[in-house]
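Some notes on the structure that comes next.
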Amino acid sequence: MIRRVAATLLGLAAVAALPVAAAGPALTVTPAVIRQGGTAEVVVTGVMAAWVRIRFAGRVWPLRRAGGVWRGFVGTDPLTAPGVRRLVVEAPVASGMPQPAVAAVRVLRVAFPTRRITLAPDRRGLLDPRLAQEEGRIVAAALRVLRPDPLWRAPFRLPVRGIVASPYGVISVYQGQMRGFHHGVDLAAPMGTPVYAANDGIVALAEKLPLSGNAVLIDHGMGIVTSYLHQSALLVRRGQRVSRGQRIGRVGSTGLSTGPHLHWGMRIYGVHVDPMPWITRSAP
């Protein structure tokens, strides 16, 4: 008899969900408590199926199978409602898992600060919503197909030597109008400072975008994509395999930018998460 598994909320480093029965599925979520913008790793064992997926925070998240283990990540952002959220593991009925395995993940509210930005007259045209739509189409096309297998082998690294000028999640107000939350971390550095790949992967995009300027997107596998925006020069091309620490560009101020810096961001299946915790996360 398969029993539902509930996460034990023991703190930020807690591990959720223990095996239900020797022959049944085992669900683990690490950590069981995350801040808005945080990421949790999900591991499912004891399920023989063609696919296993997660339902969490209103989205479906695929898991990758390696041997008898299904593994993947779920992410949150500043728009993810805080509180205890259900994480549900689903598989085909024929898998021997007649009902979903369930865990609880607590999402903690973060008081994100606000930044107010006034653009020079020659850059105010970049606030045209049509430019955001155009860029969205380009990025969506570049990320339509992602590698299912992990390509990285070590914790991620900071892509540039600089100071954090604007952290993840900051509410951005341009010309007095709110434009949403900051999707990454701004690392201030002198013009031309080398930019390095945060980890192994394949370049999914390397071109000049309307708002992000000279941009590189790297697919690291398992739905994880890092972005490197506003560069003055690009040193890689689409489809190129890159290694952790490889030079991929130079710091600049192209696109919707007010000074030299690198915007470093991370998506997990399209959800913009805080990349900073990943510089200490080990490989799956």
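- The backbone N or O of Ser257 lies less than 3.5 Å from a partner atom in the side chain of Arg123, making a donor-acceptor pair.
- Using a 4.5 Å heavy-atom threshold, the side chains of Pro113 and Val170 count as touching.
- Side chains of Pro167 and Phe112 form no contact here, defined as non-hydrogen atoms less than 4.5 Å apart.
- Within the 3.5 Å criterion, the main-chain N or O of Asp186 finds no donor-acceptor partner in the side chain of Ser166.
- Two residues are said to be in side-chain contact when any heavy atoms from C-beta on lie closer than 4.5 Å; Leu143 and Asp219 fail this criterion.
- Each of Arg115, Arg116, Gln177, Arg179 was evaluated against Ser172; a single residue qualifies, Arg115, per the side chain to side chain donor-acceptor pair (under 3.5 Å) test.
- Taking the six-membered ring for Trp and thresholds of 30 and 60 degrees, His230 and His261 have ring planes inclined between 30 and 60 degrees apart.
- Under the 4.5 Å side-chain criterion, counting only non-hydrogen atoms from C-beta, Thr39 is not in contact with Ile34.
- Under the 4.5 Å side-chain heavy-atom criterion for ILVMFWY residues, a single connected hydrophobic cluster contains both Ile268 and Phe56.
- Minimum interatomic distance between Val52 and Val89 (heavy atoms only, all atoms of both residues): CG1-CG1, 3.5 Å.
- Between Leu79 and Phe181 the shortest side-chain heavy-atom distance falls below 4.5 Å.
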Chi angles and distances behind the side chain to side chain contact (heavy atoms under 4.5 Å, CB included) call for Arg157, Ile279: CA-CA 5 Å; Arg157 57 159 288 172; Ile279 62 177; 5.7 Å; no

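- Side-chain atoms of Arg161 do not come within 3.5 Å of backbone N or O of Pro194 as any donor-acceptor pair.
- Of the possible polar contacts, none joining the Tyr228 side chain to the Ile218 backbone as a donor-acceptor pair under 3.5 Å is found.
- Once rounded to the nearest 0.5 Å, the distance linking CG of Asp77 with NE2 of His183 reads 7.5 Å.
- The CG atom of Leu256 sits 12.5 Å away from the CG atom of Leu209 when rounded to the nearest 0.5 Å.
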Tell me, with the steps shown, if Ile224 and Trp152 meet side chain to side chain contact (heavy atoms under 4.5 Å, CB included). CA-CA 10 Å; Ile224 299 171; Trp152 80 97; 3.4 Å; yes

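- The two residues Met266 and Thr226 come nearest to each other via the heavy atoms CE-CG2, 3.9 Å.
- Heavy-atom minimum distance, Pro82 versus Leu108: CB-C, 4.3 Å.
- The heavy-atom pair separating Asn199 from Phe156 by the smallest distance is ND2-CD1, 3.3 Å.
- Considering all non-hydrogen atoms of both residues, Tyr196 and Gly245 come closest at CD2-O, 3.1 Å.
- Under the 3.5 Å distance criterion, the side-chain polar atoms of Ser232 are left unmatched by any main-chain donor or acceptor of Thr254.
- Here the straight-line distance linking atom CD1 of Ile171 with atom OG1 of Thr114 works out to 4.0 Å at 0.5 Å rounding.
- Taken to the nearest 0.5 Å, the CD atom of Gln133 stands 12.5 Å off from the CD1 atom of Ile138.
- Annotation: side chain of His220 is not in contact with side chain of Asp200 (no heavy-atom distance under 4.5 Å).
- Grouping the Ile, Leu, Val, Met, Phe, Trp and Tyr side chains by contacts below 4.5 angstrom, directly or via other members, places Val105 apart from Val43.
- Classified by interplanar angle (parallel below 30°, tilted 30° to 60°, perpendicular above 60°), the ring pair His182/His263 is perpendicular.
- Note that CZ of Arg55 is 12.0 Å distant from CG of Leu87, once rounded to the nearest 0.5 Å.
- Here the side chains of Arg267 and Val139 are in contact, with some heavy-atom distance below 4.5 Å.
- Inter-residue side-chain proximity for Ile54 and Arg59 is flagged as unmet; no heavy-atom pair is nearer than 4.5 Å.
- In the hydrophobic clustering of ILVMFWY residues, with side-chain heavy atoms under 4.5 Å counting as a link, Leu151 and Val236 come out apart.
- Counting only distance, with no hydrogens or angles, the side chain of Asp274 and the backbone of Gly38 share no donor-acceptor pair below 3.5 Å.
- Trp278 and Phe73 have their aromatic ring centers within a separation under 6.0 angstrom.
- Follow the hydrophobic side-chain contacts under 4.5 Å out from Val203 and you reach Leu262 in the same cluster.
- In this structure, the side chain of Thr76 engages the main chain of Gly37 through a donor-acceptor pair within 3.5 Å.
- By the neighbour-count criterion of 12 heavy atoms within 6.0 Å, atom CE of Met178 is sparsely surrounded, having that number or fewer from other residues, nucleotides or ligands.
- Shown here for Gly125 and Leu131, the closest heavy-atom pair between the two residues is O-CD1, 3.6 Å.
- Looking at residues two or more places apart in sequence or on another chain, you find no salt bridge (Lys or Arg N to Asp or Glu O under 4.0 Å) involving Arg65.
- Put simply, OG on Ser212 and CG on Leu217 are 8.0 Å apart, with the number rounded to the nearest 0.5 Å.
- Arg124 contributes a side-chain N or O that, together with a main-chain N or O of Leu119, makes up a donor-acceptor pair within less than 3.5 Å.
- If you chain together hydrophobic residues whose side chains sit under 4.5 Å apart, Val225 and Ile248 never meet in one group.
- Side chain of Trp70 to main chain of Val47: a donor-acceptor pair is present (N/O by atom type, distance under 3.5 Å, no hydrogens or angles).
- In this structure, the side chain of Gln231 does not engage the main chain of Gly252 through any donor-acceptor pair within 3.5 Å.
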